[in-house]
Amino acid sequence: MLTPAGRNAFREFLRTEFSEENMLFWMACEELKKEANKAVIEEKARIIYEDYVSILSPKEVSLDSRVRETINRSMAEPSPHIFDDAQLQIYTLMHRDSYPRFMNSALYKDLLRSLSEKAVEA
């Protein structure tokens, strides 16, 4: 999650598991946290809500009702950290569920092999 190459490889793996929306949600939340402009925060929060939190979204992430309700109440005046609890829930889900499978996948092994080859060349 710390490097773009690692995120891209993990995202590609999530795509094969039909759970890419978890990574997309996590990345959207990270982008929102960098925002300072109130109007942009409101717009980005609305888009994230519609894309990942709304029960009507085809890319809905799996959140418990407490977190979802907190977000619903906060949408009237969203902050850059409106999705922090939800982001932590999704991160924990990926860490416990998807990431261990990723570590055993051919995609991850190919990434390691590629990185070690580049290190030898350098």
Side-chain angles (χ1 to χ4, degrees):
M1 297 291 273
L2 297 177
T3 67
R7 283 191 302 272
N8 287 337
F10 187 45
R11 180 178 169 188
E12 185 62 34
F13 174 76
L14 290 174
R15 189 175 294 133
T16 67
E17 291 206 328
F18 305 100
S19 59
E20 179 185 22
E21 67 277 358
N22 291 333
M23 176 64 88
L24 295 173
F25 172 73
W26 186 87
M27 291 188 318
C29 292
E30 287 298 295
E31 286 301 311
L32 179 63
K33 289 178 192 178
K34 297 175 187 173
E35 204 50 66
N37 181 298
K38 186 175 176 5
V40 175
I41 291 167
E42 289 175 357
E43 177 66 13
K44 284 186 175 186
R46 183 189 59 76
I47 291 168
I48 292 170
Y49 182 86
E50 289 174 0
D51 286 351
Y52 305 106
V53 179
S54 171
I55 58 173
L56 302 174
S57 172
K59 296 186 288 187
E60 177 189 2
V61 293
S62 181
L63 300 172
D64 68 37
S65 59
R66 178 193 61 80
V67 168
R68 194 177 301 277
E69 191 52 42
T70 300
I71 292 169
N72 286 340
R73 282 194 307 270
S74 301
M75 281 302 292
E77 288 191 44
S79 78
H81 297 278
I82 185 173
F83 300 110
D84 283 1
D85 288 345
Q87 187 183 20
L88 178 60
Q89 233 176 46
I90 295 304
Y91 181 87
T92 301
L93 175 69
M94 290 189 298
H95 180 76
R96 289 184 182 158
D97 185 41
S98 304
Y99 195 71
R101 287 195 304 276
F102 171 62
M103 298 285 285
N104 289 315
S105 72
L107 196 68
Y108 179 73
K109 291 174 180 146
D110 290 345
L111 175 65
L112 287 181
R113 191 171 20 263
S114 169
L115 293 173
S116 66
E117 288 170 3
K118 287 179 183 175
V120 169
E121 291 171 4

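Basis for what follows: all heavy atoms, side chains included, without hydrogens, waters or symmetry-related copies.
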Y49 meets the side-chain hydrogen bond (donor to acceptor under 3.5 Å, both in side chains) criterion, sequence neighbours left out, with N72
Tell me whether I41 shares a hydrophobic cluster with I47, the cluster being built from Ile, Leu, Val, Met, Phe, Trp, Tyr side chains joined at under 4.5 Å. no
State, to 0.1 Å, how close Y52 and K59 come at their nearest heavy-atom pair, and which atoms those are. CD2-O, 3.5 Å
Can you tell me how far the OG1 atom of T16 sits from the CZ atom of R101, to the nearest 0.5 Å? 9.0 Å
Return the minimal non-hydrogen interatomic distance between Q89 and L63, and the atom names on each side. OE1-CA, 3.3 Å
Assess the residue pair E31 and E35 against the criterion (side chain to side chain contact (heavy atoms under 4.5 Å, CB included)); give the C-alpha distance rounded to whole Å, side-chain angles, the decisive distance to 0.1 Å, and a yes or no. CA-CA 7 Å; E31 286 301 311; E35 204 50 66; over 6 Å; no
Which pair of non-hydrogen atoms, one from S98 and one from E17, has the smallest distance, and what is that distance? OG-OE1, 3.8 Å
Pairwise distance CZ(F25) to OG(S62) - rounded to 0.5 angstrom: 11.0 Å
Is there a path of hydrophobic side-chain contacts, each under 4.5 Å between heavy atoms, that joins L88 and I90? no
Could I get the full list of salt bridge (Lys or Arg N to Asp or Glu O under 4.0 Å) partners for E42, not counting sequence neighbours? K38
I'd like to know if I48 and M75 are part of one continuous hydrophobic network [Ile/Leu/Val/Met/Phe/Trp/Tyr, side-chain heavy atoms within less than 4.5 Å]. yes
Search all heavy atoms of L32 against all heavy atoms of K44 and return the closest pair with its distance. CD1-CB, 3.7 Å
Taking C-beta and beyond as the side chain, do D51 and E21 meet within less than 4.5 Å on heavy atoms? no
Partners passing salt bridge (Lys or Arg N to Asp or Glu O under 4.0 Å) against E77 (at least two apart in sequence or in another chain): none
M27-Y99 co-clustered via ILVMFWY side chain contacts under 4.5 Å: yes
Check the surroundings of atom NE2 in H81: do more than 12 heavy atoms from other residues, nucleotides or ligands lie under 6.0 Å from it? yes
Between A9 and F102 the two heavy atoms that sit nearest each other are O-CE1, 3.6 Å
Minimum heavy-atom separation for V61 to R68, with atom names? O-NH2, 3.4 Å
Please answer whether the main-chain N or O of T70 pairs with a side-chain N or O of S74 as donor and acceptor at a distance below 3.5 Å. yes
Atom OH of Y91 and atom CE of M23: how far apart are they, to the nearest 0.5 Å? 9.5 Å
What residues form a salt bridge (Lys or Arg N to Asp or Glu O under 4.0 Å) with K33, not counting sequence neighbours? E30, D84
Among residues at least two apart in sequence or on other chains, which ones pass salt bridge (Lys or Arg N to Asp or Glu O under 4.0 Å) with R15? E12, E20
List, one per line, each side-chain donor-acceptor pair under 3.5 Å for residues 107-115, sequence neighbours excluded.
| residue | atom | partner | partner atom | Å |
| --- | --- | --- | --- | --- |
| K109 | NZ | N104 | O | 3.3 |
| D110 | OD1 | R113 | NH2 | 2.5 |

